Amino acid sequence: MKIKDFSDLLKDRVLIMDGSTGALLSDRGYMEGVSAPEELNIKFPRRIADVYSSYIEAGSDIVLTNTFGANRFILEKHGLQDSAEEIIKNGVQILKKCAKDLGRDIIAAGDISSLGEYMLPLGKLSFDEAYNAFAEQAKLLSKYGADIIVIETITEIKELKTAILAAKDNFEGPVIAQMTFTEDHITATGTDLAAFALTAERLGCAAIGLNCSVGAKELSKMAEVLISNTNLPVSFKPNAGIPVLINKKTIYPQTIDEFLKYSLEVYETGGNMFGGCCGTNPQYIQALSKELKGMKPKQRRQSKKADAFYLSNRNKIFNLDTAEKPIIIGERINPTGKEKLQQELSKGRFSYLKELARIQNEQGAHLIDINTGIAKADEAQLLSNALIETQEIVSIPICIDSSSAEAIEESLKNCAGIPLINSINGEACKLKKLLPILKRYGCPAIALTIDEKGLPKNSDERLKIAGKILKAASDFGIPPQNIVFDYLVLAASASPEQTQETLKSIQKSKEIYPKCKTVLGISNISFGLPSRQTINATFLKMAIEVGLDFAIIDPGRDWSIFDGKAKALLLNKEKSVENYLAAFANVEKPAQKENPADMPLERRLYEAILYGDKTSAENLIESIVKNCAEPFKTANEIILDSLNKVGEKFSKKEYFLPQIIMSAEAAQASFAALKPLLKNSAKTLKTDKIIMATVKGDMHDIGKNIVAAVLESYGYEIFDLGVNVEAQEIIDKSLEIKPAFIGLSALMTSTMLEMETVIKMKYKEHLPCKVIVGGAAVTQKFADEIGADGYAKNAVEAADIVKNLKS
Amino acid sequence: MFNISNIKISFEKVLSRLNYSKSKTKLDAKTERLIKEILSLASKLINPKSVLSFENILIKGGAVYFENGYKIESADIAKLLKNSFQVCGAAVTLGSALEKKRDDFLSQKETFNALILDAAGSVAAEEAAEVLYGQIKEKQKTKGFSITRRYSAGYGDWKLDGQKDFLIWLGADLIGIKLNESYLMNPEKSVSFLLGVIDEN
């Protein structure tokens, strides 16, 4: 089916979808003999044919194929991974045969749903793994003749995005995207209705909708919000209320009358397709069909402003047309000239980068620009990982900053929302590479008004390049509102006449390309001048006056400054430079707060560990090794001193467990950084070994890991054998590595007896190591009874006991 | 009716689980922010589900006899249910996504994140059980019944291995709860309990 034909059909009349497949299969006893509903397609085709026929007879125009979980991840759980093609083939063909036999003309909708595993960072699945699974399913649905694809019951926006991309790449017909929402009107992973609508629209879905969720009553309110946030047709497929599982029976509370009542309300607000989800059956669909089949869709009360400038993150959309100007793009995540950020990125870490993101978010940035361009690094991987880490901790959208098409596309795959791209430009080869990416992911981009000839000298040439970019974008079907022109800022000290050209370009751009927004990277303007912020802030005000929309700036600076001499300089007035320099050349910089960088290295390392600053601790080790005569001794003493202070704070309850762990992680990172740096020197680390294990029968991991982390932070070498460890395995490992200590953990009274077995076996093997026990059920009395050398109530006590038993 | 899908994870309860002392612990802004970020992650990873069963009972000696033939031998439970005509069994689970992410953090030595996520899961599971308990109480009240406090296997003389038959009776597998060889529930962030229903008339 062609997308246009489907859209035209929906303009003409309301379509009835089907109801629940799973619940009906259970009700009719059809799940007997199969492990998954999809298996019916190949094992008991008559059963699924019966379900299909029931819905066709009830009046469904759109019936979903029984392929909801026919993806490699779900099928593998049921041992059906080799039957995917047959399952999908039969799923489509049985449905088409049923319709033919009943003499009905229906739309066979290839059903795709969740993979059952979250994508990064919520879970472990990469974009490519998820994409490939969806692509396989979409290809087969296309091959065997599905008319449309319905992606449904998705609760995570990145999974939805991946499924849509895979479906659009492998299926030519219309794709409908449906998500499932909670009573809070967000998905289980935090996405609201407008953010869902924006993503699905931008990725080219033919329609969007809601399914399952919390019953027709609450979902009807959400449908109203969804309809007001999209111009696409909307489907409404609620479950029959939140199910309750009582006495092994699933009970759905909503009656047909109630279900129908709220479905009709959604029709009145402009809904286009109506069906049911879990708990509904052909009677529900018959009731819908009786009231709505073939009806003309209602005119929507309010429609979404199609050409507004929207961005989104995982949670919500941002209409930047309504934001106060300038729209601030926080510029601080850029490694150029920032040694600390460069060091961190070169190690593939992001703590400092995330801190910069958090700070700018709090300081009022509307977007966070992320640039990870450092030498000798895989930028695509680095930018992508930085984005994955950052987008979950800020409440604003991201601006992906790179000149590499590959890095931009990798990041877009991993972005949970619609970001801004920084940047494209007028070079033909760049446009050829980047415009298809912008189109595919539906995101706007900053366009630098330069081309192969370099930076144009005057505003007319810049505007001409802008026109060229706009035309090329339009040829790719990218609307003008998705292009933000950057008319480029040059240092006023070096090219005083260029400031006016830039401002003129902004002004003219607003007249010639009114749908396109404008942006400037402000701080270049003050390069080489004193009191740079005076120039920057004055220039920003001048740019806003001529219509600037976005400013790439540090939101933490004072942007309220306006100075007449700075303005005169920027206007290139006679003697303005002399006047400005006379006024500002000798202005003292405001007194700085005590700069931590001025403190001695030893003190800084001590504080980094005390306050759990892993990145700083790691970086400081490098400096200590370079600058101290006895680096290992120095570092070791400081780390232990600091940890002792941490322990002291813990015993006074000034610190609690999370702070202990943060300090422990910082100390661990310091030791880890110290080892390779000392590898080539005469000094080597000689540390005691400790075996850690949760005893046989006990699966509790976290307590043992906390103790291991704290002991490791003291420099001990930890051999963590995991959970549910056989006594023999602990003894075997002890015989092999000769540890100084064995740490045993047990949470339950039933498993702690296993500790005694380990101790007895230790004595039998004449192992000299000491055994320390701990865990929720263990007491000092019990430890004494079984002959343990020590009992630790918590991780800090464990470290103290180890220290005391050693001496 | 019975709905725990919308439970919230209380920041204060998570702090308290981590032995935070209101009067003594100095929680710095950075640690607080990092904890809240993990709580936000936790709220995305939980998928609370519940299952309930009701059955009339008879108390004889130190045992509770269910109508369908299932029996719990425990003097403590017999005492708890002595005035009850019916038992209500329930289980809640958060699903496995949170635990998978916690284990992922542990394998990457991100112990802080694992610790907070684990604590958040424990608080959420307990909250789910508490919310469900409140809903059961409300529902029974409409029928003129009251309920006893809740009681779980592993406490008093109801041994943990009693969990096996109890969960079978309850149908806990329908929400994905399984037992390992040590009778611990998987997903780990699950809570099961029973309570007695008393006819106040």
Side-chain angles (χ1 to χ4, degrees), chain A residues 117-118 121-124 155-156 182-184 187-190 214 241-242 244-251 253 314 354-355 358 392-393 611-613 649 652-659 661-662 664-665 668 696-702 705-706 708-710 712 724 747-751 794, chain B residues 1-3 5-6 15 17-21 23-28 30-31 33-35 37 40-41 43-47 49-55 97 100-104 106 109-119 154 159-161 170-171 174-175 180-184 186 188:
Chain A
E117 299 281 338
Y118 279 136
L122 302 185
K124 278 185 168 177
T155 59
E156 204 266 310
T182 68
E183 286 162 296
D184 288 339
T187 66
T189 55
V214 290
I242 297 171
V244 185
L245 203 51
I246 298 181
N247 291 353
K248 298 181 185 174
K249 286 206 173 100
T250 308
I251 299 160
R314 176 184 289 285
K354 283 161 74 176
E355 197 55 33
R358 286 186 194 104
E392 303 298 333
I393 58 155
Y611 299 116
D613 184 348
K649 282 178 175 284
K652 286 184 194 162
K653 294 195 172 176
E654 276 178 34
Y655 267 17
F656 72 142
L657 201 48
Q659 289 157 310
I661 295 301
M662 281 173 74
E665 286 185 355
Q668 272 177 32
K696 188 187 162 192
D698 205 315
M699 306 301 288
H700 294 90
D701 213 7
I702 191 84
N705 277 277
I706 288 164
V710 171
E712 197 174 347
N724 193 23
L747 197 82
M748 302 182 299
T749 46
S750 55
T751 56
N794 55 51
Chain B
M1 226 199 338
F2 304 114
N3 175 16
S5 63
N6 219 20
L15 290 189
R17 190 171 180 88
L18 293 165
N19 293 330
Y20 172 83
S21 161
S23 58
K24 292 178 184 162
T25 307
K26 293 171 184 166
L27 179 59
D28 58 290
K30 179 184 161 192
T31 311
R33 195 173 53 217
L34 292 174
I35 292 173
E37 279 172 15
S40 165
L41 173 67
S43 67
K44 293 176 183 123
L45 294 173
I46 60 171
N47 180 17
K49 285 182 181 161
S50 67
V51 60
L52 294 129
S53 270
F54 291 88
E55 192 143 343
K100 280 185 189 170
K101 188 69 196 174
R102 178 201 60 193
D103 294 344
D104 197 21
L106 283 177
K109 292 208 161 197
E110 294 185 37
T111 316
F112 174 86
N113 293 346
L115 168 72
I116 308 300
L117 201 56
D118 187 79
K159 297 273 164 42
L160 199 56
D161 58 13
L170 183 59
L174 296 170
I175 55 168
N180 69 13
E181 56 190 20
S182 308
Y183 304 105
L184 292 178
N186 185 13
E188 202 184 299

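Per chain, numbering begins at 1; letters A, B, ... match sequence-line order. As the structure is a computational prediction, the values presented were derived from the model and not from experiment.
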Can you find a pair of side-chain heavy atoms, one from [X] and one from [Y], that are under 4.5 Å apart?
{"X": "Ile246(A)", "Y": "Phe54(B)", "result": "yes"}
{"X": "Met662(A)", "Y": "Leu34(B)", "result": "yes"}
{"X": "Lys248(A)", "Y": "Val51(B)", "result": "no"}
{"X": "Ile35(B)", "Y": "Pro658(A)", "result": "yes"}
{"X": "Leu45(B)", "Y": "Tyr118(A)", "result": "yes"}
{"X": "Leu657(A)", "Y": "Arg17(B)", "result": "no"}
{"X": "Leu184(B)", "Y": "Met748(A)", "result": "yes"}
{"X": "Arg102(B)", "Y": "Asp701(A)", "result": "no"}

Heavy-atom cut-off 4.5 Å, strictly under: side chain, backbone, both or neither for [X] against chain A?
{"X": "Leu18(B)", "answer": "both"}
{"X": "Leu174(B)", "answer": "both"}
{"X": "Thr111(B)", "answer": "both"}
{"X": "Lys100(B)", "answer": "side chain"}
{"X": "Asn186(B)", "answer": "neither"}
{"X": "Lys30(B)", "answer": "side chain"}
{"X": "Asp118(B)", "answer": "side chain"}
{"X": "Ser43(B)", "answer": "backbone"}

Taking Asn247(A)'s backbone N and O only, do any of them form a donor-acceptor pair with Glu55(B)'s side chain (distance below 3.5 Å, no angle check)?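 Pair absent, no side-chain N/O of Glu55(B) close to backbone of Asn247(A).
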With respect to chain B, which residue among [options] yields the maximal number of heavy-atom pairs within a distance under 4.5 Å?
{"options": "Thr187(A), Thr182(A), Asp184(A)", "answer": "Asp184(A)"}
{"options": "Asn724(A), Ile242(A), Ile702(A)", "answer": "Ile702(A)"}
{"options": "Gly241(A), Pro253(A), Ala188(A)", "answer": "Ala188(A)"}

*asked:* Under the criterion side-chain contact (heavy atoms from CB on, under 4.5 Å), I'd like the reasoning laid out for Leu245(A) against Leu52(B): C-alpha separation, chi angles, the key distance, then a yes or no.
replied: CA-CA 6 Å; Leu245(A) 203 51; Leu52(B) 294 129; over 6 Å; no
So, the part of Glu665(A) with a heavy atom under 4.5 Å from chain B: the answer is side chain
Whatever's closer than 4.5 Å to a heavy atom in chain B on Lys124(A) counts as side chain
When [options] are compared by non-hydrogen pairs under 4.5 Å with chain A, the top option:
{"options": "Leu27(B), Leu115(B), Ile175(B)", "value": "Leu115(B)"}
{"options": "Leu106(B), Asn19(B), Leu41(B), Asp103(B)", "value": "Leu106(B)"}
{"options": "Gly171(B), Ser23(B), Ser182(B), Ser53(B)", "value": "Ser53(B)"}

All heavy atoms of Leu122(A) vs all of Lys101(B), minimum pair found to be O-CD, 3.3 Å
Over all heavy atoms of both residues, which pair between Phe112(B) and Ile661(A) is shortest? Give the atoms and the distance, please.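 The pair with the smallest heavy-atom distance is N-CG2, 3.3 Å.
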Going from CG on Asn705(A) to CD on Glu110(B), what distance comes out if it is rounded to the nearest 0.5 angstrom?
->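 Spacing of CG (Asn705(A)) from CD (Glu110(B)) equals 12.5 Å.
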Original post:
Rounded to the nearest 0.5 Å, what separation is found between the CZ atom of Phe656(A) and the NZ atom of Lys24(B)?
Top reply: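 It is 15.0 Å, given to the nearest 0.5 Å.
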Derivation and outcome, salt bridge (Lys or Arg N to Asp or Glu O under 4.0 Å), residues Lys44(B) and Glu156(A): CA-CA 9 Å; Lys44(B) 293 176 183 123; Glu156(A) 204 266 310; over 6 Å; no
### Task
Mark yes when over 12 heavy atoms from residues, nucleotides or ligands other than Lys354(A) sit less than 6.0 Å from its NZ; otherwise mark no.
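Atom NZ in Lys354(A) is crowded, with more than 12 foreign heavy atoms closer than 6.0 Å.
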*asked:* Tell me if the NZ atom of Lys649(A) is crowded by more than 12 foreign heavy atoms within 6.0 Å.
replied: yes
Problem - Step-by-step side-chain contact (heavy atoms from CB on, under 4.5 Å) determination, Glu654(A) to Thr25(B) - result: CA-CA 4 Å; Glu654(A) 276 178 34; Thr25(B) 307; over 6 Å; no
Open item on the list: Less than 4.0 angstrom from a charged side-chain N to a carboxylate O is my criterion; do Arg33(B) and Glu355(A) meet it?
Closed with: yes
